[in-house]
Amino acid sequence: MRQQRGSGIGLYIIVVIFILMLIYMSQRNVAPTYSMEKFKDAVQNDQVTSVSIKQNAEIPTGTVYVTLGGSAQYFFYVADVNTVTEYLSERGMDYVLSDVPKDAWVSQMLPILIVGAVLFILFMLVFNSQGGAAMGGGGGANAKMMNFGRSRAKMTNKDKEPTRFDNVAGLKEEKEELAEVVDFLKDPAKYTKVGARIPKGVLLVGPPGTGKTLLAKAIAGEAGVPFFSISGSDVVEMFVGVGASRVRDLFEEAKKNAPCIVFIDEIDAVARRRGAGLGGSHDEREQTLNQMLVEMDGFGVNEGIIVMAATNRVDILDPAIMRPGRFDRKVFVGRPDVGGREEILNVHSNNKPLAEDVDLKQVAQTTAGFTGADLENLMNEAAILAAKSNREYINATDIKQSFVKVGLGTEKKSKIISDKEKKITAYHESGHAILFHLLPDVGPVYSVSIIPTGMGAAGYTMPLPEKDEMFRTRGEMLQDIEVSLGGRIAEDLIFGEITTGASSDIQKATKAARDMVMKYGMSAEMGPINYNNDDEDVFLGRDLAHARGYGERVAGEIDAEVKKIIDSCYQDAKKILSEHMDILHASAALLLEKEKIGRAEFEALFPESERPVKEGEGVAVEEI
Ligand code: ADP
Ligand code: MG
Ligand code: ZN
């Protein structure tokens, strides 16, 4: 889980400094180790070897340092130094009398002053970092201090050069999707007049570093409206109730500044589905989340506030935030493909002189799986290397060296993919995709990609979102199994060798086949019998043989049936793919070139006769 930053650490530092200060002060007031009486005794017994007296400048008080034989040192305070000097003079004893220097008071206090100053600065830093929303109100230390518990939303400085769409490279489709939001923010009245409803909330979903924050800022920049941002992990870190009040203040501020954008980064920290994961105070999180929902429900649709939020885990979000009138639009921000990476590299080498041997296109080709942030980091490291060797331009070697560094530092670690792996993935995904396309009841293919997902998958083939179906036919289930096996079959056909990369495909196919036999009674041999005691699954620890409700013989038959289904699907799918080797090669080549292809590009690989019209498309649309 993420580390919490900001005032959390600030508070700890303050507490630690307080304790140190107390210890320090208590040490300064060390109790005297001696007294006037003991001193007089020692003098009478001739034990004193030397006396030195430090007298304060304006008042008669002072400190007497006494050295006894054996060089033991003691000291004590006296209210009037004269009493000691007179006593010693009477006895004809020597002593050294010195003034404590004039500035002694300052020098004694100096450490305390320094500690105090540091403390003060720390306070200011902590409150400044939260105090953005105070930008309207008076400024100055006090105004900031009052903001404890208020919104720590930050409003971007209007004087600063705003982020524009041009600063966001790649992400073409995402920008198109959000152009409407920009237009709305520019002129909300235009939409209100015709009664159009504009989304209130836009959820940006994608891995870290893919440019979600950048995109949200660019929308504000394009529309020329203020941008308020707050981070989910910052709001949940404090005491119960503080997060909620920050959210309230944030929206208050936003309403005063509408039209504007409110950006909630890391919304999963606040809006985590109840019971998912650990950490953070539940009370606090729920209060904050509730406040957020109340605020979002509270302002009208066309008040000119667009709430944008970013997350990389849409699966753990509380469904409540996805209801209509809240975050009713989702935009996926994925890792960039080759073209996108080249554009991003271009943006981030704008202000960096490149040597002639640098080929950004080639760099883009070798950085599959890198996010925008990784690429920015790459160019920056290269610039640092160039500066280190006193060069004024970046050469290919700099980039090569930082590539290793950045590549190892990214979360994917060893996932710098070799050309061979890339090629295998391209054929594997093409295998899935071709079957999706050719089998009548599955697909159509929406996109095929060989960009690593960062979640362990080397690529993916995505069909159009599933239709709401009441039930699935046996044929559909068999075709699903064939599609799942398609990746492995393609590897086998092309390379004559298979890899471990298909394990989840095989798991999926096996589960489907098992369900067919055990749950849906779709196997003629086994009959329409439910062998799957789902209800019993919850009783863990129960004797499995009992819960199973059938014997060894039946278990063996089930396994044989499952194998039969898988085998026959494998043969079918292999036949189809073998008959379309040319398309398999063409598709893999296209994928290797582009890394990600859309439906139109993929379907263009097939001859006209092999572009089946799938259910719910074409004909049906014309009829309407
Ligand atoms: P996220 O919010 O998705 O985690 P950010 O928007 O904070 O990612 O991106 C971090 C940095 O990476 C940006 O400041 C920018 O320098 C760089 N970056 C990411 N994506 C892009 C992109 N599409 N174009 C240009 N720079 C990008
Ligand atoms: Mg971000
Ligand atoms: Zn696969």
Side-chain angles (χ1 to χ4, degrees), residues 2 154 163-175 203-219 221 227 229-234 263-269 308-313 331-337 339-351 364 370-380 406 410-411 424-436 448-450 453-454 456-463 480-492 498-509 573:
R2 279 191 70 259
K154 289 185 206 95
T163 309
R164 306 297 298 258
F165 270 166
D166 280 349
N167 303 111
V168 187
L171 302 183
K172 199 162 147 270
E173 289 153 38
E174 289 83 349
K175 283 193 266 189
L203 191 60
L204 301 174
V205 184
T210 46
K212 298 183 292 298
T213 310
L214 195 66
L215 199 54
K217 275 191 190 150
I219 289 173
F227 178 80
S229 76
I230 191 170
S231 172
S233 62
D234 286 347
F263 180 66
I264 304 168
D265 208 352
E266 302 179 61
I267 194 174
D268 37 303
M308 299 189 75
T311 179
N312 51 350
R313 296 289 312 273
V331 175
F332 289 92
V333 184
R335 289 168 199 272
D337 61 9
R341 290 200 298 272
E342 192 183 340
E343 279 183 49
I344 295 173
L345 285 167
N346 269 316
V347 165
H348 289 289
S349 51
N350 247 350
N351 56 352
F370 275 44
T371 63
D374 294 336
L375 293 169
E376 194 264 345
N377 197 1
L378 175 76
M379 289 314 287
N380 190 45
V406 174
T410 53
E411 48 161 336
I424 293 175
T425 309
Y427 277 101
H428 178 109
E429 295 306 329
S430 297
H432 288 309
I434 290 171
L435 289 167
F436 257 134
V448 192
S449 154
I450 57 166
T453 61
Y460 61 82
T461 303
M462 201 160 61
D480 270 344
I481 296 175
E482 289 183 30
V483 168
S484 295
L485 296 172
R488 155 65 60 96
I489 295 170
E491 288 177 32
D492 192 13
I498 50 184
T499 68
T500 55
S503 67
S504 69
D505 291 339
I506 289 172
Q507 195 180 5
K508 206 171 138 199

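Keep in mind that this is a model prediction, so the values were computed, not measured. Each ligand, and each atom within it, is numbered from 1 in the order the structure gives.
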### Task
May I have the step-by-step check of side chain to side chain contact (heavy atoms under 4.5 Å, CB included) for Val483 and Thr461, ending in yes or no?
CA-CA 10 Å; Val483 168; Thr461 303; over 6 Å; no

Among all protein non-hydrogen atoms, which one is nearest to [atom], and what is the separation to 0.1 Å?
| atom | result |
| --- | --- |
| atom 18 (N) of ligand 1 | Gly372 C, 3.6 Å |
| atom 2 (O) of ligand 1 | Thr213 OG1, 2.6 Å |
| atom 8 (O) of ligand 1 | Gly211 N, 3.2 Å |
| atom 4 (O) of ligand 1 | Gly209 N, 2.7 Å |
| atom 10 (C) of ligand 1 | Ala373 CB, 4.0 Å |

Should you measure from each heavy atom of [X], which atoms of ligand 1 turn up under 4.0 Å away?
| X | result |
| --- | --- |
| Ala169 | 22 (C), 23 (N), 24 (N), 25 (C) |
| Asn167 | 24 (N), 25 (C) |
| Leu171 | 23 (N) |
| Pro208 | 4 (O) |
| Leu214 | 6 (O), 21 (C), 22 (C), 24 (N), 25 (C), 26 (N), 27 (C) |

### Query
Which value, rounded to 10°, describes the OD2(Asp505)-the Zn ion (ligand 3)-NE2(His432) angle?
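About 90°, to the nearest ten degrees.
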
Indicate, as side chain, backbone, both or neither, the part of [X] found under 4.0 angstrom from ligand 1 when only non-hydrogen atoms are considered.
| X | result |
| --- | --- |
| Glu376 | side chain |
| Ile344 | side chain |
| His348 | side chain |

If I take atom [atom1] from residue [X] and atom [atom2] from residue [Y], how far apart are they, to the nearest 0.5 angstrom?
| X | Y | atom1 | atom2 | value |
| --- | --- | --- | --- | --- |
| Thr163 | Leu214 | OG1 | CG | 6.0 Å |
| Glu173 | Phe332 | CD | CZ | 13.0 Å |
| Thr311 | Asp268 | OG1 | CG | 3.5 Å |
| Met379 | Asn350 | CE | CG | 10.0 Å |

Nearest atoms (heavy-atom pairs only) where [X] meets [Y]:
| X | Y | result |
| --- | --- | --- |
| Ala364 | Glu342 | CB-N, 3.7 Å |
| Thr499 | Arg488 | O-NH2, 3.2 Å |
| Val347 | Asn167 | CG1-O, 4.0 Å |
| Glu174 | Gly334 | OE2-N, 4.0 Å |
| Val168 | Lys175 | O-NZ, 2.6 Å |
| Gly232 | Ala269 | C-CB, 3.6 Å |

### Message
Run the side chain to side chain donor-acceptor pair (under 3.5 Å) test against Thr210 and tell me which residues pass, sequence neighbours left out.
### Response
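Applying side chain to side chain donor-acceptor pair (under 3.5 Å) to Thr210 gives none.
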
### Message
Below 2.8 Å, which protein N, O or S atoms neighbour the Mg ion (ligand 2), ignoring water?
### Response
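Counting only protein N, O or S atoms under 2.8 Å from the Mg ion (ligand 2), the list reads Thr213 OG1.
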
### Message
Using the rule given for side chain to side chain contact (heavy atoms under 4.5 Å, CB included), can you reason through Arg341 versus Leu375, listing the C-alpha separation, both sets of side-chain angles and the distance that settles it, and then say yes or no?
### Response
CA-CA 8 Å; Arg341 290 200 298 272; Leu375 293 169; 3.8 Å; yes

